[in-house]
Amino acid sequence: MIRCMTWTAPVVQRVEPPYVADERSRLDAWLDYHRATLMQKCTGLTGEQLAKRPVASSALSLLGLVRRAAGNERIWFRIRFAQADVADLYQSPQHPEGGEFALADPATAETDFATYTDEVTQARMVVQGRSLDERFGDETVTVDLRWLYAHMIDEYARHNGHADLIRELIDGATGL
């Protein structure tokens, strides 16, 4: 008899940001803390649980949030900051604003987590050795790398709040 294995989100270590640090170390630490927090909210859940939408009026799921975070990492760090010639993630004709939530599928949870991990790795490589004062943008808005860090920390903080509530609705787990 062949036993079907169900993928489960792995345990992730989260490191507390330092109380005293230079600006760059502080920004890196807080961004990594929030990245790890999102992953921690998913720890131990199956693809089916991760794709579950526990609030009937919302398309939010933990898997959708992971996909959204991967897309944001790619858009902000690789496409906008580094001007890499890579495609946006999770686009579809049916979802021109992005299919991060609508197309979240339990069968692709493991792949989506690997994509997220890869995008975080790519983002870290893109900013390595770059000045926080380095600017980027277009004809309407120019920002610096410092702003990008603050923006991403804000994005994760909001989505981690969503993840906290979703996780509690899925299995009652709190404080992860």
Side-chain angles (χ1 to χ4, degrees), residues 6-18 21 24-55 58-81 86 88-91 95 97-128 145-176:
T6 301
W7 181 82
T8 303
V11 174
V12 174
Q13 292 288 45
R14 184 173 64 179
V15 176
E16 294 287 327
R24 182 56 173 270
S25 297
R26 182 180 318 278
L27 291 171
D28 280 329
W30 273 107
L31 183 53
D32 283 341
Y33 177 84
H34 280 290
R35 287 167 169 157
T37 297
L38 179 59
M39 294 293 96
Q40 212 171 36
K41 299 296 177 187
C42 299
T43 294
L45 297 179
T46 65
E48 291 77 19
Q49 290 171 307
L50 291 166
K52 186 175 182 179
R53 297 175 183 165
V55 178
S58 174
L60 288 178
S61 67
L62 288 170
L63 185 57
L65 290 172
V66 170
R67 291 163 54 95
R68 171 68 174 222
N72 280 339
E73 293 278 351
R74 178 176 282 198
I75 288 167
W76 282 104
F77 287 106
R78 293 175 68 193
I79 296 173
R80 292 184 180 162
F81 178 70
V86 293
D88 208 349
L89 289 172
Y90 311 120
Q91 296 299 307
H95 304 280
E97 297 299 314
E100 298 96 329
F101 297 103
L103 302 176
D105 180 352
T108 64
E110 185 175 11
T111 300
D112 290 337
F113 270 66
T115 298
Y116 172 78
T117 300
D118 183 57
E119 289 304 323
V120 168
T121 299
Q122 294 293 325
R124 286 182 181 131
M125 289 178 7
V126 161
V127 298
Q128 191 172 21
L145 182 56
R146 183 179 290 102
W147 179 92
L148 175 51
Y149 269 91
H151 173 70
M152 291 299 288
I153 291 166
D154 173 61
E155 281 280 316
Y156 274 102
R158 280 186 296 110
H159 290 314
N160 285 340
H162 299 135
D164 207 27
L165 292 170
I166 293 169
R167 178 64 189 251
E168 186 173 359
L169 290 169
I170 290 171
D171 70 353
T174 60
L176 296 174

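In terms of heavy-atom proximity, Ser61 sits nearest to Ala104 at OG-CB, 4.2 Å. The nearest pair of heavy atoms linking Ala69 to Tyr156 is CB-OH, 3.7 Å. Here the shortest heavy-atom pairing between Gln128 and Arg24 reads N-NH2, 4.4 Å. Closest approach of Ala109 and Gly47 over heavy atoms only: CB-CA, 3.7 Å. When every heavy atom of Leu50 is checked against every heavy atom of Ala9, the shortest pair comes out as CD1-CB, 4.2 Å. Nearest heavy atoms, Pro10 versus Thr43: O-OG1, 3.2 Å.
Arg35 pairs in a side-chain contact (heavy atoms from CB on, under 4.5 Å) with only one of the listed residues (Val120, Asn160, Ile153), which is Val120. Put simply, the residue from Val66, Asp164, Leu65 that forms a side-chain contact (heavy atoms from CB on, under 4.5 Å) with Lys41 is Asp164.
The line from CZ of Phe113 to CG of Asp118 is 15.0 Å long, rounded to the nearest 0.5 Å. Here Phe77 contributes atom CZ and Met125 contributes atom CE; the two are 13.5 Å apart, rounded to the nearest 0.5 Å. Separation of atoms CH2 (Trp76) and CH2 (Trp147) is listed at 3.5 Å; rounding is to 0.5 Å. Summarising the geometry, atom CZ belonging to Arg167 is positioned 10.0 Å from atom OG1 belonging to Thr174; distances are rounded to the nearest 0.5 Å. Here the straight-line distance linking atom NE2 of His159 with atom CD1 of Ile166 works out to 10.0 Å at 0.5 Å rounding. Annotation: the span from Leu45 atom CG to Thr6 atom OG1 amounts to 12.5 Å, rounded to 0.5 Å.
Within the 3.5 Å criterion, the main-chain N or O of Thr46 finds a donor-acceptor partner in the side chain of Gln49.
Tyr149 places a side-chain heavy atom less than 4.5 Å from the side chain of Asp28. Side-chain contact between Met39 and Arg14 is absent, with no heavy atoms from C-beta onward closer than 4.5 Å. Counting heavy atoms from C-beta outward, Val55 and His162 have side chains that stay 4.5 Å or more apart. Using a 4.5 Å cut-off on side-chain heavy atoms (C-beta onward), Arg67 and Leu89 make no contact. His34 is not listed as a side-chain neighbour of Met152, based on a closest heavy-atom distance of 4.5 Å or more. Looking at Leu148 and Leu145, their side chains come closer than 4.5 Å, going by heavy atoms from C-beta outward.
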Might you work through the side-chain contact (heavy atoms from CB on, under 4.5 Å) test for Thr111 and Trp7, ending with a clear yes or no?
CA-CA 10 Å; Thr111 300; Trp7 181 82; over 6 Å; no

TODO: Starting from the C-alpha separation in whole Å, work towards a yes-or-no answer on side-chain contact (heavy atoms from CB on, under 4.5 Å) for Leu60 and Arg68.
DONE: CA-CA 10 Å; Leu60 288 178; Arg68 171 68 174 222; over 6 Å; no

- Message: Checking Leu169 against Lys52 for the side-chain contact (heavy atoms from CB on, under 4.5 Å) test, could you report, in this order, the C-alpha distance in whole Å, the side-chain angles of both residues, the deciding distance, and whether it holds?
- Response: CA-CA 10 Å; Leu169 290 169; Lys52 186 175 182 179; over 6 Å; no

- [ ] Go through the steps for Leu38 and Val12 under the test side-chain contact (heavy atoms from CB on, under 4.5 Å), then give the verdict.
- [x] CA-CA 9 Å; Leu38 179 59; Val12 174; over 6 Å; no

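At a cut-off of 3.5 Å, with distance as the only test, no side-chain donor of Ser58 or Arg53 sits close to an acceptor on the other residue.
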